[in-house]
Every structure is written in C-alpha cells, then in structure tokens.
Amino acid sequence: MGSPEPQPRFGQSVKGLLSEKVGSCSGDVIALTRQVLKGSRSQELLGQAARNMVLQEDAILHSEDSLRKMSIITTHLQYQQEAIQKNVEHSRNLQDQLRHLLK
C-alpha cells in the first residue's frame, strides 16, 4: 500500500511541473508576440518616416528651384530699375534742354 501513494504524487508533481512549463511557455509566447508587434509597429513608423523624408526632400528641391528662379527675376528687375533711372535722368535733361530752347 505504500507504493501506490508515491506514484500519484509523482504524477501530480509531473503534471504540476508540466503545467508550470506550459504557463511559462505561454508567457514567453505572449512576450514574443508583443515584441514582434512592437517591431512591426517600429517598422511601420520607419516606413512612414522614410515616406515623409522623401516628401520633404521633394519640397526642399522645389523650394531651391523657386529660390533660384526668384533670384533670376530679382536680377532682371534690378536691370530694369537701372534702365528706368537712366531714362528718367535722360528725360530730365531733355526737359531742361526744351525749356532752355523755348525761352
């Protein structure tokens, strides 16, 4: 009668250990799943950041092109301003000459 008792205890302790191991493995699987999801989210965020960077790069290139065009326009406007100033001076000289002739 002494031998039937240890076997159930041994069976119960094995079941208990097995249950612990299954619980531990389940916890590990849950932790691994969380890490995979976290990594997936990180990958998603990196992808979004890369897309945003490409959009920003396009915007910067467009801005550089616009600034270059504005610089060219500014130069042309300065030339036109100088030409207008010379014409105004020339016009004043002509007006002075006409006044002198009409006196």
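Only this structure's heavy atoms are used, side chains among them; waters, hydrogens and symmetry mates stay out.
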Test item: [X] side-chain N/O and [Y] main-chain N/O as donor-acceptor pair under 3.5 Å:
X	Y	result
Ser24	Glu20	no
Thr74	Met70	yes
Ser26	Val22	yes
Thr33	Val29	yes

Atom pair [atom1]/[atom2] of [X] and [Y] - distance to nearest 0.5 Å:
X	Y	atom1	atom2	value
Ile73	Ser66	CD1	OG	9.5 Å
Asn87	Leu94	CG	CG	10.0 Å
Met53	Asp58	CE	CG	12.0 Å
Ile84	Leu77	CD1	CG	9.0 Å
Ile30	Cys25	CD1	SG	11.5 Å

Next item on the list: With Arg41 as reference, evaluate Lys38, Gln43, Glu44 under the side chain to side chain contact (heavy atoms under 4.5 Å, CB included) test and give the passing residue.
Entry: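 The single option meeting the side chain to side chain contact (heavy atoms under 4.5 Å, CB included) with Arg41 is Glu44.
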
Item checked: Residue of the set Leu45, Leu46, Asn52 for which side chain to side chain contact (heavy atoms under 4.5 Å, CB included) holds with Gln48 ->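 Only one of Leu45, Leu46, Asn52 forms a side chain to side chain contact (heavy atoms under 4.5 Å, CB included) with Gln48, namely Asn52.
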
Next item on the list: Give the intermediate values and the outcome of side chain to side chain contact (heavy atoms under 4.5 Å, CB included) for residues Asp65 and Lys69.
Entry: CA-CA 6 Å; Asp65 188 48; Lys69 288 176 182 176; 3.3 Å; yes

Notebook entry, point to check: So with a 6.0 Å cut-off around CD of Glu57, is the heavy-atom count from everything else above 12?
Noted result: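 Counting other residues, nucleotides and ligands, CD of Glu57 stays at 12 neighbours or fewer.
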
Checklist line | Glu64 vs Arg68 side-chain heavy atoms within contact, under 4.5 Å | finding: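 Side chain of Glu64 against side chain of Arg68, heavy atoms only: no contact under 4.5 Å found.
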
Next item on the list: Could you give me the CA-CA distance, side-chain angles and deciding distance for Lys86 and Glu89, then say whether salt bridge (charged side-chain N to carboxylate O under 4.0 Å, His left out) is met?
Entry: CA-CA 5 Å; Lys86 287 179 184 176; Glu89 289 175 20; over 6 Å; no

Check: Would Gln97 and Asn93 count as having a side-chain donor-acceptor pair, cut-off 3.5 Å?
Finding: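 Judged by distance alone, the side chains do not pair up.
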
Notebook entry, point to check: Going by atom types alone, do Arg92 and Gln95 pair a side-chain donor with an acceptor below 3.5 Å?
Noted result: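 Short answer, no.
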
